[in-house]
Amino acid sequence: MHPKLLFWIPAALRLLLLVVAAVVVGTFFGLVPGLLLALAGILAIAIVQLQYLHALSDWLDDPEKTRLPDGWGAWTGIFARLYRLRRDDDNNRKELSEWLTRFRQAMHLLPDGVVIMDDVLFLEWCNPAAERHLGLSLERDSGMRVTNLIRNPAFIDYIILGRYDEPLTLALRDRKLIVQIIPFENRRQILVTHDATASEQIEILRRDFIANASHELRTPLTVINGFLEIATSQPDLDPATRAAHLKLMSEQGRRMQNLVEDMLSLTRLESVDHPPRPEPVDMAALLDQILHESEALSAGRHKISLVVDGPDIKGAADELRSAFSNLASNAVRYTPDGGSIQLAWRDSAAGPRFVVTDTGIGIRPENIARLTERFYRVDKGRSRETRGTGLGLAIVKHVLIRHGATLTIESLPEHGSTFTANFPRSVVCMKEPLAV
Ligand code: ADP
């Protein structure tokens, strides 16, 4: 039935009943008692309605605490509808507050900063990333003008010019930020900030790498080209000079080859994000190979020893061979003739270690932290003389990172150095259980 009918029918019935009762009383007892009955009935109905209105007003004042009464007559329908409205409202409110919580959590996790401002740039809200990027504090700065909080001339110009379709790159608090203002709604604007410091550093590293690599390749190329020009302009060069030139050219050619190979290794190590697929590595065999290579490089100029007293590990054998070979060959190259070099594979409570100790030229403490940077050399002349590329320790660092290991360097100038590759216990190969 239509709700309007539900409202009117009981009221009409009540009135009809009252009129009938008044007519009956009027007929039997006279006009005055009939009218009095009608008046009393109307008064009773009015009092009941007033009571319900009062209860409704109480409930409207404090819907949380007061209970809606169970209605009577048309009030039943009204109260039922109010109940439903209240329930729907509660549900909507719960849903909205859940959404708001989720939105806040997302904004907290967002690496980019978000600042909400009104049309005249007064701060209304910002997320923690924006607080970090711009040095704001929502609690302290809420309601303040953003241009008073971020006092950067480039930012102020950006606001004055109002060219918001282009982002602005800003150097702020040792960071490089990309900021952009996006107007939204009628009277609000969002300021979005992105921290580009890391990508800027990567870009600088990339530029440096290309500049260094070009420089490193240019020197041997210049030497080779020089000799080739001599060979073409002086065809009747005596055989001894020609042989000496060819020897120098092939040395420079090898230098370029070493450099390109190291650059390729480094690029390979850097471009593969995931750690190497772990395969058991026979450490005794691998280290034996390193010992032979070192002896060949030393050509009897040093005393080289090897101790293998550690477990086999899981890792990429090729990468480990390259890293260990770099450490061992550095020890040979930076140790004057007659010095001694110890290679040791040992176990410890924390995990196995590869330790290379030499009695070489050593490194001053201020240079140690930079040794693993690409192309960093303490003594450029000595590195080149011994066919160094300046990339060896960068390769070592990358291989170790990919195996969860770290490199520690201890050194005393003029006395020697100890390079230690510290592996975690997790890479140790478990012994096969004995067959019963
Ligand atoms: P390079 O090809 O020049 O040897 P590396 O990356 O292997 O490049 O090493 C970087 C620098 O660290 C070297 O140029 C050298 O100055 C220093 N270095 C490395 N190993 C030793 C060592 N065992 N003793 C002294 N200096 C070393």
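Atoms within a ligand are numbered from 1 in the order they appear, just like the ligands themselves. We count residues from 1, following the sequence as given. Every heavy atom of this structure was used, including side-chain atoms; hydrogens, water molecules and symmetry mates were not. Just so it is clear, the structure is predicted and the values come from calculations on it, not from any experiment.
- With hydrogens and angles left out, the side-chain atoms of Thr241 and Asp238 include a donor and acceptor closer than 3.5 Å.
- Using a 4.0 angstrom heavy-atom cutoff, Arg333 counts as in contact with ligand 1.
- Residue Gly360 places every heavy atom at 4.0 Å or more from ligand 1.
- At a 4.0 Å heavy-atom cut-off, ligand 1 touches Asp358 through the side chain alone.
- Nearest protein neighbour of atom 3 (O) of ligand 1, counting heavy atoms only, is Ser383 OG, 2.6 Å.
- The single protein non-hydrogen atom nearest to atom 26 (N) of ligand 1 is Ile363 CG1, 3.4 Å, given as residue, atom name and distance.
- For the 3.5 Å distance criterion, the side chains of Arg255 and Asn258 fail to qualify, holding no donor opposite an acceptor.
- Taking 4.0 Å as the cut-off between side-chain N and carboxylate O, Glu319 and Arg402 count as a salt-bridged pair.
- Inclusion of Ala394 in the set of residues having an N or O under 3.5 Å from an N or O of ligand 1 is not warranted.
- Between the side chains of Asn422 and Thr420, no donor N or O sits under 3.5 Å from an acceptor N or O.
- Protein heavy atom closest to atom 8 (O) of ligand 1, with residue, atom name and distance, is Gly390 CA, 3.2 Å.
- Between Arg268 and Glu261 there is no salt bridge, since no side-chain nitrogen of the basic residue lies less than 4.0 Å from a carboxylate oxygen of the acidic one.
- Residue Thr389 approaches ligand 1 through these ligand atoms, each under 4.0 Å from one of its heavy atoms: 2 (O).
- Closest heavy-atom approach to atom 20 (N) of ligand 1 within the set Asn326, Val356, Asn330: this belongs to Asn330.
- Protein heavy atom in closest approach to atom 17 (C) of ligand 1: Leu371 CD2, 3.9 Å.
- Short contacts between ligand 1 and Gly388, defined as distances under 4.0 Å to a heavy atom of the residue, involve ligand atoms 2 (O).
- Salt bridge absent: Asp118 and Arg188 never bring a charged side-chain N and a carboxylate O closer than 4.0 Å.
- In terms of protein heavy atoms, atom 27 (C) of ligand 1 is closest to Tyr334 CD1, 3.7 Å.
- Considering backbone and side-chain N/O of Gly392, one or more are found under 3.5 Å from N/O of ligand 1.
- Summarising the geometry of Glu166 relative to Tyr158, their closest heavy-atom pair is O-OH, 3.0 Å, with the distance given to 0.1 Å.
- Shortest contact from atom 10 (C) of ligand 1 to any protein heavy atom: Tyr376 O, 3.3 Å.
- Taking only nitrogen or oxygen atoms, main chain and side chain alike, Phe419 does not reach within less than 3.5 Å of ligand 1.
- Residue contact check: Arg377 has heavy atoms under 4.0 Å from atoms 3 (O), 14 (O) of ligand 1.
- Taking the charged nitrogens against the carboxylate oxygens, Glu251 and Arg254 have no contact shorter than 4.0 Å, which rules out a salt bridge.
- Looking only at heavy atoms of the protein, atom 6 (O) of ligand 1 is closest to Leu393 N, 2.8 Å.
- Below 30°, between 30° and 60°, or above 60°: for Trp345 and Phe423 the angle between ring planes is above 60°, a perpendicular geometry.
- A salt bridge links Arg86 with Asp90: the closest approach of a Lys/Arg side-chain nitrogen to an acidic carboxylate oxygen falls below 4.0 angstrom.
- The shortest contact between atom 16 (O) of ligand 1 and any protein heavy atom is with Val378 N, 3.1 Å.
- By the 4.0 Å N-to-carboxylate-O rule, Asp262 lies too far from Arg374 to be salt-bridged with it.
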